[in-house]
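For clarity, every value in this text was computed on a predicted model and none was experimentally measured.
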Amino acid sequence: MSDPTVIDAAQAEADTRRWLERAVIGLNLCPFAKAVHVKGQIHYVTYLDTHEGRLIDALLAEARALVALDAEVRDTTLLIVPHALADFLDFNDFTERAERKLARAGFDGVLQLASFHPHFQFAGTEADDITNATNRAPYPTLHLLREDSMDRAVEAFPEAEAIFERNIETLETLGPDGWTALDVGPGSATP
């Protein structure tokens with residue numbers, strides 16, 4: 001009998017796609033996400049190991065694979081981590097180490113690393129503050145973005161600096177019940 005708490009790659013990807021479509025794109029939390037999603041330029045990869053030890057190596061491999069392809073083929077990568085880094089503070093520490101490793105590997109100015117976590121919490125907020133949902137995904141997720149693509153997107157989007165404030169307002173209006181109704185947690189999608 002299989003362990004129902006073990007998420008396989010197909011489930012992790014399906015849940016992440018559902019979150020992207022319903023929350024990130026559906027609520028317009030990232031106005032740049034829809035275009036790359038529609039064009040099929042998002043690469044999803046799932047790290048199924050339970051230890052974070054090899055996760056840096058997996059992230060570096062994905063960074064190399066991303067820059068090796070033209071942005072029209074693969075513009076961004078979501079590295080989904082369903083079985084490691086469940087604690088947000090550990091994940092946050094890991095993300096800082098990962099950013100340093102990416103910079104040392106020569107990706108500074110080439111790639112950015114964004115992070116999402118089911119228990120994401122902005123400094124100065126309570127754990128149940130709905131505004132934390134702007135950075136909450138079904139699983140710990142490391143997002144590799146091309147700097148060039150981000151620069152072009154920001155140029156095309158007037159007042160890009162207002163996105164964060166608009167997202168806070170959107171989530172405050174939506175409220176916890178509205179977020180729950182989106183049904184974007186682990187196991188919510190059909191693979």
Which value, rounded to the nearest 0.5 Å, describes the distance between [X] atom [atom1] and [Y] atom [atom2]?
{"X": "T134", "Y": "D129", "atom1": "OG1", "atom2": "CG", "value": "9.5 Å"}
{"X": "L171", "Y": "I130", "atom1": "CG", "atom2": "CD1", "value": "5.5 Å"}
{"X": "D49", "Y": "E52", "atom1": "CG", "atom2": "CD", "value": "10.5 Å"}
{"X": "S115", "Y": "F94", "atom1": "OG", "atom2": "CZ", "value": "11.0 Å"}
{"X": "I7", "Y": "L48", "atom1": "CD1", "atom2": "CG", "value": "10.0 Å"}
{"X": "D108", "Y": "R100", "atom1": "CG", "atom2": "CZ", "value": "13.0 Å"}

- Relative to each other, are the rings of F122 and F120 parallel, tilted or perpendicular (30° and 60° limits)? perpendicular

- Does the ring pair (Phe, Tyr, Trp, His ring centres under 6.0 Å) test come out yes or no for F91 and Y139, once each step is laid out? CA-CA 11 Å; F91 176 76; Y139 310 100; over 10 Å; no

- For residues T77 and H143, is any side-chain donor paired with an opposing acceptor at under 3.5 Å? no

- Task: May I ask you to check whether N132 and T125 show a side-chain donor-acceptor distance below 3.5 Å?
- Result: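 On atom types as modelled, these side chains qualify, holding a pair under 3.5 Å.
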
- Should M150 and L69 be counted in the same cluster of Ile, Leu, Val, Met, Phe, Trp and Tyr side chains packed under 4.5 Å apart? no

Return the minimal non-hydrogen interatomic distance between [X] and [Y], and the atom names on each side.
{"X": "S149", "Y": "A71", "result": "OG-CB, 4.3 Å"}
{"X": "R136", "Y": "P118", "result": "CD-O, 3.3 Å"}
{"X": "P82", "Y": "A12", "result": "CG-CB, 4.2 Å"}
{"X": "L20", "Y": "A33", "result": "CD1-CB, 4.4 Å"}
{"X": "G187", "Y": "D15", "result": "N-OD2, 2.6 Å"}
{"X": "A189", "Y": "A14", "result": "CB-O, 3.4 Å"}

Could [X] and [Y] be called an ion pair, given the rule that one side-chain N must be under 4.0 Å from one carboxylate O?
{"X": "E21", "Y": "R17", "result": "no"}
{"X": "K39", "Y": "D75", "result": "no"}
{"X": "R18", "Y": "E13", "result": "no"}

Main-chain N/O of [Y] paired to [X] side chain as donor or acceptor, under 3.5 Å:
{"X": "Y47", "Y": "L55", "value": "yes"}
{"X": "R146", "Y": "L111", "value": "no"}
{"X": "H117", "Y": "A86", "value": "yes"}
{"X": "D90", "Y": "L85", "value": "no"}

Side chains of [X] and [Y] in contact at under 4.5 Å (non-hydrogen atoms):
{"X": "W179", "Y": "L27", "result": "yes"}
{"X": "V24", "Y": "F32", "result": "no"}
{"X": "K34", "Y": "N28", "result": "no"}
{"X": "F107", "Y": "Q112", "result": "no"}
{"X": "T46", "Y": "T16", "result": "no"}
{"X": "P31", "Y": "I163", "result": "yes"}
{"X": "L142", "Y": "L113", "result": "yes"}
{"X": "L144", "Y": "E62", "result": "yes"}

- Message: Checking V81 against T141 for the side chain to side chain contact (heavy atoms under 4.5 Å, CB included) test, could you report, in this order, the C-alpha distance in whole Å, the side-chain angles of both residues, the deciding distance, and whether it holds?
- Response: CA-CA 6 Å; V81 186; T141 302; over 6 Å; no

- Task: May I have the step-by-step check of side chain to side chain contact (heavy atoms under 4.5 Å, CB included) for T76 and H43, ending in yes or no?
- Result: CA-CA 6 Å; T76 190; H43 178 62; over 6 Å; no

- Task: Could you go through the side chain to side chain contact (heavy atoms under 4.5 Å, CB included) check for I42 and L78 one step at a time?
- Result: CA-CA 7 Å; I42 301 172; L78 292 173; 4.0 Å; yes

- Message: Can you tell me if E165 has over 12 outside heavy atoms packed within less than 6.0 Å of its CD?
- Response: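 Result for CD/E165: enclosed.
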
